[in-house]
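Worksheet: the structure to be examined is printed underneath.
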Amino acid sequence: MDLLIKGKKAIMAGGSAGMGRATAERLAEAGAELVITARREERLRKAAEEIAEKYGTKVTPIVADSSKEEGRQALLEACPDPDILAITIKPPAPNGDFLKVTPEMWRESVETALIGPIEIMRNYIPGMKDRGFGRIVNIATFSAKNPMIWRLMSGPARSALINYTASVSREIAQYGVNINNILPGMFATEGANELMPIYADAFGLEHNDEVIMNHFIENNKIPAGFMADADDMAPMAALLCSPLSRFIVGQNIVIDGGQHHSLF
Ligand SMILES: NC(=O)c1ccc[n+]([C@@H]2O[C@H](COP(=O)([O-])OP(=O)(O)OC[C@H]3O[C@@H](n4cnc5c(N)ncnc54)[C@H](OP(=O)(O)O)[C@@H]3O)[C@@H](O)[C@H]2O)c1
């Protein structure tokens, strides 16, 4: 299927690893010209070089923290007029005992998972409206819809994000600018791997891979029977970035192997 995005300018904020990188690859494969961001420079530059070489498209790496105003400005300067904007972050850490969650932890969660994406979108929506086209995709989390006691630093901020995008997407769809969100479940990514020691501490487990994985599987009953790869969601992200998705507005697409039990 031709996604009709050849030559379009795309930003993948958070594009050096995990689901962001997989999405960047699907966009590059479809012919988009890319700007990808991340905080860690070496992995970012390597990802940009690899994607550019593999798909023969231009990929510009910009070191930028989406949760900081200077990071968002650096991105805006590097790419002021994208057609496509996809945004993600590293999964926030599991919180352990909810009574030990501090105001400082809440502030970090809100800065990273709510204000960062909103401010990046706010930088780009006016230009997209003027040009009559835009596709925005937030890669957030299924715990926005499926509250989990150990994901308090991830779910509540994203519940607010999807509330925001539900309203804003309906305001701007008339200009050809669509916002949709993907809500992933459990994916075996670099970010998820980095969290495993914190997961162990949150549940008082010994730092033993087998012990942690057994607890994780017990704690997450996934009907599909496996943890996903980043490529299990990237094709959906690429479709939502395409002109083909012009009638998909303000939706939250859960990709979780059936873990979240709900009708909608
Ligand atoms: N993996 C899972 O099981 C899972 C489950 C539910 C939801 N999710 C959600 O899915 C999204 C992607 O997760 P993932 O597992 O693919 O993560 P990942 O493997 O850590 O990849 C995240 C990417 O975003 C970059 N990034 C992180 N924080 C950033 C920031 N503040 N500014 C700019 N770039 C940033 C990372 O690079 P740097 O770290 O170098 O910045 C990396 O390129 C997250 O929103 C996560 O909460 C993941």
Side-chain angles (χ1 to χ4, degrees), residues 11-24 35-41 43-44 47 61-76 78-79 85-98 100-125 136-166 168 179-187 189-199 201-202 230 233 237 252:
I11 291 173
M12 181 65 245
S16 68
M19 289 180 253
R21 167 149 182 178
T23 300
V35 171
I36 64 172
T37 72
R39 297 162 303 174
R40 285 172 273 185
E41 184 165 2
R43 184 171 69 170
L44 175 69
I62 302 291
V63 177
D65 184 339
S66 301
S67 70
K68 304 262 181 344
E69 181 54 25
E70 59 266 30
R72 298 188 287 265
Q73 281 305 318
L75 174 58
L76 189 57
C79 185
L85 169 63
I87 307 170
T88 198
I89 53 167
K90 180 185 162 80
N95 48 273
D97 182 352
F98 74 94
K100 294 192 175 143
V101 173
T102 63
E104 191 43 52
M105 291 163 74
W106 280 116
R107 274 189 277 274
E108 190 187 335
S109 168
V110 168
E111 289 285 350
T112 307
L114 177 64
I115 297 176
I118 286 177
E119 286 299 292
I120 295 175
M121 288 189 278
R122 211 160 66 88
N123 282 343
Y124 289 114
I125 286 171
I136 302 176
V137 176
N138 288 292
I139 303 169
T141 174
F142 79 146
S143 56
K145 277 181 75 173
N146 178 33
M148 300 165 107
I149 190 69
W150 57 287
R151 300 306 287 132
L152 290 176
M153 298 297 94
S154 183
R158 268 69 171 281
S159 297
L161 179 66
I162 69 173
N163 186 308
Y164 175 90
T165 56
V168 172
I179 311 177
N180 292 288
N181 306 311
I182 292 183
L183 309 183
M186 297 307 167
F187 281 65
T189 60
E190 293 93 322
N193 281 341
E194 285 172 357
L195 287 184
M196 284 305 169
I198 306 174
Y199 179 89
D201 291 343
M233 60 70 64
N252 298 299

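Taking both residues in full, the closest heavy atoms of Gly71 and Ala64 are given as O-CB, 3.3 Å, listed atom of the first, atom of the second, then distance. When all heavy atoms are compared, the tightest approach of Arg151 to Pro156 is O-CD, 3.8 Å. Pro117 and Leu114 make their closest contact through CD-O, 3.4 Å (heavy atoms, listed as atom of the first residue, atom of the second, distance). Counting all heavy atoms, side chain and backbone alike, Leu183 lies closest to Ile162 at CD2-CG2, 4.1 Å. When all heavy atoms of Met148 and Ser143 are compared, the pair lying nearest together is SD-CB, 4.0 Å.
Between Lys90 and Arg39, the closest side-chain pair of non-hydrogen atoms falls below 4.5 Å. When side chains are defined from C-beta on, Met121 does not count as touching Val168, because their heavy atoms never get closer than 4.5 Å. Put simply, the side chain of Ile11 reaches to within 4.5 Å of the side chain of Tyr124, judged on heavy atoms. A 4.5 Å side-chain heavy-atom check between Met233 and Thr23 finds at least one atom pair inside the cut-off.
Just one residue in the list Asn138, Val110, Ile87 forms a side chain to side chain contact (heavy atoms under 4.5 Å, CB included) with Leu161, and that residue is Asn138.
Asn252 places no side-chain N or O within 3.5 Å of a backbone atom of Phe142 that could act as its donor or acceptor partner.
Within a 6.0 Å sphere centred on CD of Glu108, other residues, nucleotides and ligands contribute 12 heavy atoms or fewer.
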